[in-house]
**Q** 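Have a look at the structure that comes next, please.
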Amino acid sequence: MESLDWCLNLPKIELHAHLNGSVRDSTLLELARVLGEKGVIDFNDVESVISKDDRSLVECFRLFDLIHALTTDHATVTRITKEVIEDFASENIVYVELRTTPKKNEAIGMTKRSYMEAVINGLKSIDSVDVDYIPSGMAQQNCSTTLTGDAMSNGTVRKKIYVRLLLSIDRRETTEAAMETVQLALEMRDVGVVGIDLSGNPVIGEWATFLPALKFAKEQGLAVTLHCGEVPDRKEEVSAMLDFLPQRIGHACFIKGEERIKLKSSKIPVEICLTSNIRTERFPSLEYHHFS
Ligand SMILES: CNc1ncnc2c1ncn2[C@@H]1O[C@H](COP(=O)(O)O)[C@@H](O)[C@H]1O
């Protein structure tokens, strides 16, 4: 318990957080209950899926589809962004790179841009903690709060969290859709978008589909991080991803032999989450984890 307190109190940075992977269970259940009452879903089925702790990677992506059905409207995207950042701040995260996949839904007038605007509105709506999401050198007037004024009004220094955004490309997307996300990221650099992530079900999609958009992102100075080697037997794709020299890669659970040597010599930093890898059954236990 003591060490848990120590960990909670320690100022931390979080470099691998998916917005819809960080939603409070209580919020998901509340949203599911509302849709259940409307007869859109069967609440009991959804409740058991949401409340389950460990799940395989395949189940995990099914859960994401369910979460998206619950969260993908503008008001809810704003709400979950606010809650997720508040939760990180409460655990003493001082810098977070929050990644999310911009989504389109014509039926509710949602474009990738309006989805991201809903995210920004979530950042702006936080008042329990100071949020800095505008990179230095950019106009400060959009900042929701600063360390002056409110921050010091009652004589105590409030918590401050720096938030930067990564736009994710889902491996189900086409080259055109990926390019649209990169364009959007470029247009939103002044509101804290710093890079692009490639994520989604690792057994879907081809590296070649995303390469043009990722190359363009890199040429334009956006940082790129790739989910890489999350499933076994992806030698060719892993090799091509490493040759691309992204700023970082995520997970890297199954990188072996030549690719492992390539990764080491390239010095590409790896984002590792022991909890995610164990919970999604990448390894039977920590002693088998590549980090050990
Ligand atoms: C467990 N390992 C993982 N591997 C690959 N992609 C993952 C992931 N965890 C999450 N995502 C990606 O993030 C999306 C949810 O957040 P956003 O809707 O973008 O905010 C998922 O749909 C998936 O594309």
Side-chain angles (χ1 to χ4, degrees), residues 14-24 27-28 31 49-50 52-74 76-85 87-88 96-105 110 112 115-120 122-123 163-173 177-178 181 184-185 193 195-205 207 209-210 224-232 234 237-238 241 246 248-255 270-283 289-290:
E14 166 63 83
L15 298 178
H16 191 125
H18 297 269
L19 173 61
N20 279 286
S22 311
V23 185
R24 293 176 189 164
T27 298
L28 290 176
L31 296 168
V49 179
I50 291 172
K52 205 173 166 209
D53 245 5
D54 296 352
R55 44 181 68 85
S56 70
L57 205 57
V58 174
E59 285 176 319
C60 195
F61 289 106
R62 272 195 223 120
L63 175 65
F64 280 128
D65 285 342
L66 171 65
I67 293 176
H68 291 147
L70 299 175
T71 61
T72 309
D73 65 76
H74 294 110
T76 309
V77 170
T78 297
R79 171 185 173 174
I80 61 172
T81 304
K82 177 175 187 282
E83 291 179 352
V84 164
I85 297 301
D87 289 350
F88 280 133
V96 53
E97 285 180 8
L98 184 66
R99 57 186 80 188
T100 192
T101 320
K103 298 170 186 71
K104 266 185 184 168
N105 183 348
M110 180 179 279
K112 287 190 174 187
Y115 175 94
M116 284 312 301
E117 283 165 354
V119 170
I120 302 290
L123 299 180
V163 182
R164 297 294 180 265
L165 300 168
L166 303 178
L167 303 199
S168 301
I169 295 167
D170 186 319
R171 294 184 61 114
R172 288 180 287 199
E173 292 187 282
T181 297
L184 182 61
V193 175
I196 292 290
D197 157 58
L198 177 67
S199 54
N201 190 335
V203 300
I204 291 179
W207 170 243
T209 307
F210 317 111
V224 175
T225 178
L226 307 170
H227 280 60
C228 177
E230 209 179 352
V231 285
R234 296 269 142 175
E237 181 176 274
V238 167
M241 283 183 167
R248 301 197 300 253
I249 60 169
H251 297 296
C253 306
F254 300 99
I255 300 189
V270 182
E271 304 152 359
I272 285 181
C273 180
L274 303 170
T275 311
S276 161
N277 295 156
I278 298 296
R279 285 199 164 174
T280 59
E281 300 173 357
R282 303 296 74 211
F283 302 98
H289 193 278
H290 54 314

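Counting convention: from 1, in listed order, for ligands and their atoms alike.
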**Q** How far is atom 24 (O) of ligand 1 from its nearest protein heavy atom, and which residue and atom name does that atom have?
**A** Gly200 CA, 3.3 Å

**Q** Heavy-atom distance to atom 10 (C) of ligand 1: which of Tyr115, Phe61, Phe64 wins?
**A** Phe64

**Q** Hey, does Ser168 come in under 3.5 Å of ligand 1, counting only N/O atoms on both sides?
**A** no

**Q** For Arg172, is the CZ atom crowded, meaning more than 12 foreign heavy atoms sit under 6.0 Å from it?
**A** no

**Q** Would you mind listing which atoms of ligand 1 come within a distance below 4.0 Å of any non-hydrogen atom of Leu19?
**A** 20 (O)

**Q** Has the side chain of Thr225 got a donor or acceptor atom that lies under 3.5 Å from a matching backbone atom of Arg248?
**A** yes

**Q** So, does Glu117 use its side chain to make a donor-acceptor pair with the main chain of Val119 at under 3.5 Å?
**A** no

**Q** Within the 4.0 Å heavy-atom shell around His251, which atoms of ligand 1 are there?
**A** 2 (N)

**Q** Report yes or no: do Asp87 and Ser22 form a side-chain donor-acceptor pair below 3.5 Å?
**A** no

**Q** At what distance is the nearest protein heavy atom to atom 19 (O) of ligand 1, and which residue and atom is it?
**A** Thr101 OG1, 2.5 Å

**Q** For Thr280, is at least one N or O under 3.5 Å away from an N or O on ligand 1?
**A** no

**Q** Looking only at heavy atoms, which two atoms of Leu19 and Tyr115 are closest? And how far apart?
**A** CD2-OH, 3.9 Å

**Q** Using a strict cut-off of 4.0 Å, indicate which atoms of ligand 1 neighbour a heavy atom of Asn20.
**A** 15 (C), 16 (O), 17 (P), 18 (O), 20 (O)

**Q** So, His251 versus His290, ring centres under 6.0 angstrom or not?
**A** no

**Q** Geometry only, no angles: is Lys103 polar-contacting ligand 1 at N/O separations under 3.5 Å?
**A** yes

**Q** May I ask you to check whether Leu57 has an N/O atom sitting below 3.5 Å from an N/O atom of ligand 1?
**A** no

**Q** So does Glu173 pair up with Lys112, basic N to acidic O under 4.0 Å?
**A** yes

**Q** Select one of side chain, backbone, both or neither to describe which atoms of Glu230 lie under 4.0 Å from any atom of ligand 1, heavy atoms only.
**A** side chain

**Q** For the residue pair Phe64 and His68, does the interplanar ring angle fall in the parallel (under 30°), tilted (30 to 60°) or perpendicular (over 60°) class?
**A** parallel

**Q** Which heavy-atom pair separates Met241 from His227 by the least distance, and what is that distance?
**A** CE-O, 3.5 Å

**Q** Is there a polar contact, in the sense of an N or O pair closer than 3.5 Å, between His68 and ligand 1?
**A** yes

**Q** For atom 20 (O) of ligand 1, what is the nearest protein heavy atom, given as residue, atom name and distance?
**A** Thr100 OG1, 2.7 Å

**Q** May I ask you to identify the nearest protein heavy atom to atom 13 (O) of ligand 1, giving residue, atom name and distance to one decimal place in Å?
**A** His18 ND1, 3.0 Å

